[in-house]
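Down below is the structure, laid out as structure tokens.
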Amino acid sequence: MTTRTPLTGEELTALVEGLAGLPYGGEAVDQRTHALQRAWLASEAGADDELVVAAALHDIGRARPVRAEHPGLPHELAGAEFARSRLGERAAWVIAQHVPAKRYLVATDPAYHALLSPASVASLKVQGGPMDEHEVAEFAAHPLVADAVALRRWDDAAKDPDAPVLSMPALLVAHARCIAAQQA
């Protein structure tokens, strides 16, 4: 069993602030705004602290320090490896699954594809398109599938430059409670 070094509040702040100005694949928001909108959406939906933090960090594999630590991995897998070592297995799984969750939703929800931005439609093709029946069944059987699907929907909705964001102090409070609960 590997020992996990919890992410500190200072590290979380540096990671999120380091996303400022980083383009988000042709979307109207940068990576920082996207991260904090996802966290706000998760919080508004009543997600627990761990899922709020995972929502904020689900694209953290695009951050320079995480890319440097996990070179060559797709962003969702780099982010998952980072989360596994600093946040825990649940956060790592939902971060790793946010791309498959899009493929799952396209395959299972007839209205979902129409909600995707043009950039997300383009990336879907690169990511393998809709899941097949076997992939859908396997994905749907995982006990955390509802978390991954919720995170994916927040991801799709967090692309509006005028939408609310979770403040860094609120994210830090959620993070501190999450770490405290894990250490209890």
Identified side chain to side chain contact (heavy atoms under 4.5 Å, CB included) partner of L57 from the options V66, L171, L87
L87
Could you walk me through whether Y104 and R152 pass the side-chain contact (heavy atoms from CB on, under 4.5 Å) check?
CA-CA 10 Å; Y104 170 81; R152 181 69 229 180; over 6 Å; no
I need the S117 OG to D160 CG distance, nearest 0.5 Å.
12.0 Å
Using a side-chain heavy atom cutoff under 4.5 Å and only I, L, V, M, F, W and Y, what cluster partners does L77 have?
L73
T108 and P110: which non-hydrogen atoms are nearest, and at how many Å?
O-CD, 3.6 Å
On a heavy-atom basis, the closest approach of M131 and E135 is CA-OE1, 3.2 Å
Has Q31 got a side-chain atom pairing as donor or acceptor with P23's backbone, closer than 3.5 angstrom?
yes
Connected via hydrophobic side-chain network under 4.5 Å: I179 and V173:
no
I need the E44 CD to Q37 CD distance, nearest 0.5 Å.
12.5 Å
Has E17 got more than 12 heavy atoms of other residues, nucleotides or ligands less than 6.0 Å from its CD?
yes
Least distance between heavy atoms, A35 atom then L19 atom:
CB-CD1, 4.1 Å
Counting C-beta onward and ignoring hydrogens, is there a side-chain heavy-atom pair between P6 and R86 closer than 4.5 Å?
no
Trace of the side-chain contact (heavy atoms from CB on, under 4.5 Å) decision for R32 with L22
CA-CA 8 Å; R32 180 185 181 277; L22 284 178; over 6 Å; no
Could you check whether any side-chain N or O of R38 sits under 3.5 Å from a backbone N or O of A55, counting only pairs where one atom can act as donor and the other as acceptor?
yes
Are side-chain N/O atoms of T13 and E10 paired as donor and acceptor at under 3.5 Å?
no
Whether R153 and D109 form a salt bridge (side-chain N of Lys/Arg under 4.0 Å from carboxylate O of Asp/Glu) is what I want to check.
yes
Less than 4.5 Å apart, side chain to side chain, heavy atoms only: is that true for P130 and R103?
no
Could you work out, with side chain to side chain donor-acceptor pair (under 3.5 Å) as the rule, every residue matching H70, not counting sequence neighbours?
none
Other than Y24, what residues sit in its cluster of Ile, Leu, Val, Met, Phe, Trp and Tyr side chains whose heavy atoms are under 4.5 Å apart, directly or through others?
V29
So if I apply the side chain to side chain contact (heavy atoms under 4.5 Å, CB included) rule between H58 and each of V99, L151, V94, which one comes out positive?
L151
Indicate yes or no: at least one non-hydrogen side-chain atom of Q97 is less than 4.5 angstrom from one of F139.
yes
Heavy-atom pair of closest approach, residues V165 and T33
CG1-O, 4.0 Å
Do V121 and L124 touch side chain to side chain, with heavy atoms closer than 4.5 Å?
no
To the nearest 0.5 Å, what is the distance between OG (S85) and CG (L7)?
9.0 Å
How about M168 and L36: do any of their side-chain heavy atoms sit closer than 4.5 Å?
yes
How would you list, by chain and number, every residue that makes a ring-ring contact (aromatic ring centres under 6.0 Å, His included) with F82, sequence neighbours excluded?
none
Closest non-hydrogen atom pair between I95 and H98, with its separation
O-ND1, 2.7 Å
Taking only Lys NZ, Arg NE, NH1 and NH2, and the carboxylate oxygens of Asp or Glu, determine whether D156 and K102 approach each other closer than 4.0 Å.
no
Assess whether side-chain contact (heavy atoms from CB on, under 4.5 Å) is satisfied between L116 and V106, documenting all intermediate values.
CA-CA 9 Å; L116 297 176; V106 169; 4.0 Å; yes
So, taking the atom named CD in E138 and the one named CG in D132, what distance separates them when rounded to the nearest 0.5 Å?
9.5 Å
Side chain proximity check, P100 to Q127, heavy atoms < 4.5 angstrom:
no
Considering all heavy atoms, the nearest A148-A101 contact
O-CB, 3.7 Å
Would you check if P65 and L15 make a side-chain contact, meaning some heavy-atom pair closer than 4.5 Å?
yes
For R90, what residues pass the salt bridge (charged side-chain N to carboxylate O under 4.0 Å, His left out) criterion, not counting sequence neighbours?
D48, E50, D147
Would you mind listing every side chain to side chain donor-acceptor pair (under 3.5 Å) that reaches into residues 175-184, with sequence neighbours excluded?
R4-Q182, D49-R177
Any side-chain heavy atom of D155 within less than 4.5 Å of one from H34?
yes
The reported gap from CG in L41 to CH2 in W154 (rounded to nearest 0.5 angstrom) is 8.5 Å
